[in-house]
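Reading through the C-alpha cells given below for one structure.
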2 protein chains.
Amino acid sequence: MTAFWAEAALVDGVLARDVRISAHNGLIEAIESGAAARAGDTVLDGVVHPGAVNAHSHAFHRLLRGRTHAGGGSFWTWRTLMYREAGRLDPERYRRVAAAVYAEMVAAGWTSVAEFHYVHHAPDGTPYAAHAMERALADAAVDAGIRLTLLDTCYLAGGFGAPLAAEQRRFGDGSAERWLDRLASLREAIRADYDPGQVQVGAAVHSVRAVPEAALAAIATGLDPSLPLHVHLSEQPAENADCLKATGFTPTGLLARHGLLSPRLSAVHATHLTRGDVKLLGDAGATVVMCPTTEADLGDGIGPARALADAGAVIALGTDQHAVIDPMLEARALEHGERLASGRRGRFDPAALRAALTVGGAASTGRDLGVLRVGAPCDLIAVDPASTRTEGSEPDQLLLTATAADISAVVIGGRVRARGGRHTDLGDPAELLRKAKEAMA
Amino acid sequence: MTAFWAEAALVDGVLARDVRISAHNGLIEAIESGAAARAGDTVLDGVVHPGAVNAHSHAFHRLLRGRTHAGGGSFWTWRTLMYREAGRLDPERYRRVAAAVYAEMVAAGWTSVAEFHYVHHAPDGTPYAAHAMERALADAAVDAGIRLTLLDTCYLAGGFGAPLAAEQRRFGDGSAERWLDRLASLREAIRADYDPGQVQVGAAVHSVRAVPEAALAAIATGLDPSLPLHVHLSEQPAENADCLKATGFTPTGLLARHGLLSPRLSAVHATHLTRGDVKLLGDAGATVVMCPTTEADLGDGIGPARALADAGAVIALGTDQHAVIDPMLEARALEHGERLASGRRGRFDPAALRAALTVGGAASTGRDLGVLRVGAPCDLIAVDPASTRTEGSEPDQLLLTATAADISAVVIGGRVRARGGRHTDLGDPAELLRKAKEAMA
C-alpha cells in the first residue's frame, strides 16, 4: 500500500483540507480529510485534482511546434509541413518521439491520452511486421507511464472521390474490411502483451473526407460496438462544403445516416456545425473533443461547445497537434473562446472545465477515470496554489490561473511519475525530444 | 561598465550568435556577435530579446485573479468586484500591491509599464496630501526596477449624463481644469524626486463614458501635447450605443471631433469599431493597445487588430487586469484572436508580435525603447530555447511557444532584475503579493 498526503484536494469537486489518499494495486483504497500525514506517506505539494485525460493526440505533431509560424498560410499549408514529418517516421523514431511527448504530457498533468494514430505502414504503404508502429506507441506509453487508448484509424481516401496522395499512402489499409481485420489482430496483440489498464485499443475513422460512405457503412456494421470510436468532424468549412456536394449531407448528418452517432462516439473539433448537427450530436449523447489551442493555432474557428453541452453532448479536451501541452491552458482556451464568441463570462464554470479535463475525457476513452473516489484509479495531479501565477486564486479556480509550470507532482496508478516538470523515470522531457529529433536527423 | 553575454540574441530582429552586449549608464554601448564571453561578463541563459513594454496596467486588479469565475456574469458584474478592491486601497496598500505586481511583471519579462491610474483620492473623494497615491506607484516602480509611465487619469462622470457613483468618488477631480492643475503639480513633483528614465508622467482620459464632451474639449486645448495620452475605447458594445445616443458619434468619432486623435494617443482595447473608426485611428497614426487576455477573460470580443495595423495604427499590448502577466501569452492571444476571427494563420508574424511587445509599447509611452541597438536603454530578456515548452522552436518563433516560466533572466537599465522567476531584490513575487494581501486584511 502507498499513501499520499496533500494540504488540500478536490474530492468529488468539493475542496477538502489535509487529505490522505491511500492506494492499493493502483486504485484508490481510502480518502480521508482532516487527516495528518503519517510516516512513509508521499507528500504532494499543492491542491490535488484528478489526473487530466487528453482525448486527442497526434504525438508526432509535436515536431512542428515553433516551426510553422513564418509566412502566414492556412490549415492546409500547415498540413503540408505535417505530412513531411509523417514521412520521416519509422517504428524506432515513432517510439522515441512519442515517449518524449508522453513524458511532456505526464509532467504537465495529463495522466491518460487517446492517440489518434494513422501512420501505420512503411512510406510506400507496405505493412510493417507485427504491428510495429502501434507497438511503438504502446511501448512509449509504458515508458512514460501514461494510460494510452490507442485509436487505430481507418484512412482510405485523399478526399471525396480521390485516392490517397503519395504522402498518405502509409496511412491506408485499402478497404474498411482490411482495416477491421488489422484492428482485430492488433487488439489481440495488445491484449497479449500489455496491461489493459495501461494500454487499450480503440478505433477511429479519420474523417468523412478520408473514409468513403460505403466504408462508413461497413464500419457501422462490422465494428465491435464496445470500442470507443473517434472521428475528426467539421474542423474546416471546406470539409463541410465538399461533404455536402458529394453526399448531400453534412459530415454529422452523414455519420447519423449510418448509425454512427452514439455515446461511444467522440467527434473531434466539431467547429463548424449547423443547428441540426448540434442537436444530432447532443441527442446521441456523443462526446465532443474540443482542441482549443489547436483550433486557435490553425485558425479553425470557435466551435459551439456550450450549445453542444446544452444539447446533451459530453465535452472533452485534447491537445491534438501539441502546439501547447497544458491542461490548464487548454481548459482556459475553451472558456475564452466561448467568452469571445458570446460576450458572456462563466460559460463553462470551473467545475465544468474540470469535468471536461477529467470525466469528459474518460467518457471518450470508455474508461472509468477522472474522479477521486474509492475504487477509482489513483491518478492525481497537484497544483501549486502559491506560485507567481496562482497566488490569491480560490482553490476551486486554479485551473483558470495555473499553467503546466505549476503542476508540482503527478501520480498515475498510485505511482509518482513526475515532479516539478521532470519525469521521474525519463527525466527532462525537452532533452528526450531533443534526442529523438537528433535520431531523426 | 557592465557586459552581458548570451548564446544568441535578436538584434534588429535578426538572430545573432555568441552575442556580447556592453552597457554604460544603463544604455547599450556596444553589441558584438561571434564574440567570446570575457571574465566578469554576466551570462544570460537563452535567446536575448529586447525587454517587453506593458502598455496597459491597472496594478490593483491583480487582486482579482482567480476569484471572479464563479457564477458566470458579464464585464459589468466583474466591474462590481473590481470596485470593491479599489475601495480598500490606501497609499501604503497601493504601493505594496503595485510593487508585488511590478515584480511579477519584471520576472515575466516586462521591463516597462504604462499604469492607467485613477484611484487618486480617499474613498470619499478628499485628496490625499502630496500626491500620495501617485507616489505609491512611483515608489513601487523604483522598488521593482521597472520603467513606469504613470498615466494620471481624468475621471469625471459615472456614464453619459450621470454623476460619479459612490464607489467612483475617489477617482474624480470634479472638472477637467482641476484635473489639469493636479496633473501639472504631479509632473513637477515626480520630476523633482525621480529619475525620468525610471518614472515619467503621462495622461489618460478614462473613457468617453467618464469624461463629458465639454471636458474632452477642455483637455484637447489644455493638455501639453508632448504628453502620451491614453483612453479606454469601445471595449463594450454598450459604450458605443450610449455614446451614439448621447452625442451622435462613435467614441472614436467623438475623439476625432475634438482633435484628440494623433500619434501621441493610445486607444486601449478598440474592440468594437466601425470601418470609419478603424480608418480614423489608422490615419492618425495612433497606437492601439490590445489586451487580448483581458478581452478574452471579460468576454469583450476580438478587436480588429490586423485591420487597424493595415490602416496605419501602431499595435501595442497590455496586461490590463492581470488575469495573466506574460508577454508571450499576451502576444499569442493577439495572434490567436486574429486566426479565430479570420481563419488564416500568420496574421501577425513573429516579427510583428515582437514589435507589438516592444516598439509598439514604446510608442504608447513616448519613450525610445524596444530595440537592441547602441545608445538605446539596456533592457533585455533571455528566453530559454530548450525548455519543455520551447524545445525544437525556431529562435525567431520562441514568442509563440514560450511562457513567462521560460524567461531565464531580465535586465533593466543594464542591471539584472530577475532570474528564473525571482526578482533579484524583492524575491518571490507570489510572496510579495501574499504579504500585500495580508496587510489589507
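Chain letters run A, B, ... following the sequence lines, proteins first and then strands; every chain starts at 1. Both backbone and side-chain heavy atoms feed into the values below; hydrogens, waters and symmetry mates do not.
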Practice item. Measure distances from B:A405 to the heavy atoms of chain A and classify the residue's part below 4.5 Å as side chain, backbone, both or neither. Key: both
Exercise for review: Begin from the C-alpha positions of A:H69 and B:L353 and carry the test side chain to side chain contact (heavy atoms under 4.5 Å, CB included) through to its verdict.
Suggested key: CA-CA 11 Å; A:H69 299 284; B:L353 293 175; over 6 Å; no
Review point. For B:T401, is it the side chain, the backbone, both or neither that has a heavy atom under 4.5 Å from a heavy atom of chain A?
Key: side chain
Exercise for review: Kindly compute the distance separating OG1 (A:T388) from CG (B:D326), expressed to the nearest 0.5 Å.
Suggested key: 11.0 Å
Practice item. Show your working on side chain to side chain contact (heavy atoms under 4.5 Å, CB included) between A:R345 and B:D297 and close with a plain yes or no. Key: CA-CA 7 Å; A:R345 306 182 87 233; B:D297 183 86; 2.7 Å; yes
Check your understanding: Nearest 0.5 Å, what's the CZ-CG distance between B:R332 and A:L329?
Key -> 7.5 Å
Review point. Could you state the interatomic distance from NE2 (B:H336) to CG (A:L298), rounded to the nearest 0.5 Å?
Key: 9.0 Å
Review point. Is it the backbone or the side chain of B:R347 that comes under 4.5 Å from a heavy atom of chain A, or both, or neither?
Key: neither
Exercise for review: Measure distances from B:R62 to the heavy atoms of chain A and classify the residue's part below 4.5 Å as side chain, backbone, both or neither.
Suggested key: side chain
Exercise for review: Heavy atoms only, distances under 4.5 angstrom: which of A:L64, A:T68, A:I325 has the most pairs with chain B? Name it, please.
Suggested key: A:T68
Check your understanding: What's the spacing between B:E104 CD and A:R389 CZ if we round to 0.5 Å?
Key -> 8.5 Å
**Study point:** Reference residue B:E391; test salt bridge (charged side-chain N to carboxylate O under 4.0 Å, His left out); the match among A:R65, A:R434, A:R67, A:K435
**Key:** A:R434
Check your understanding: When heavy-atom pairs shorter than 4.5 Å are enumerated against chain A, which of B:A386, B:G346, B:A430 gives the highest number?
Key -> B:A430
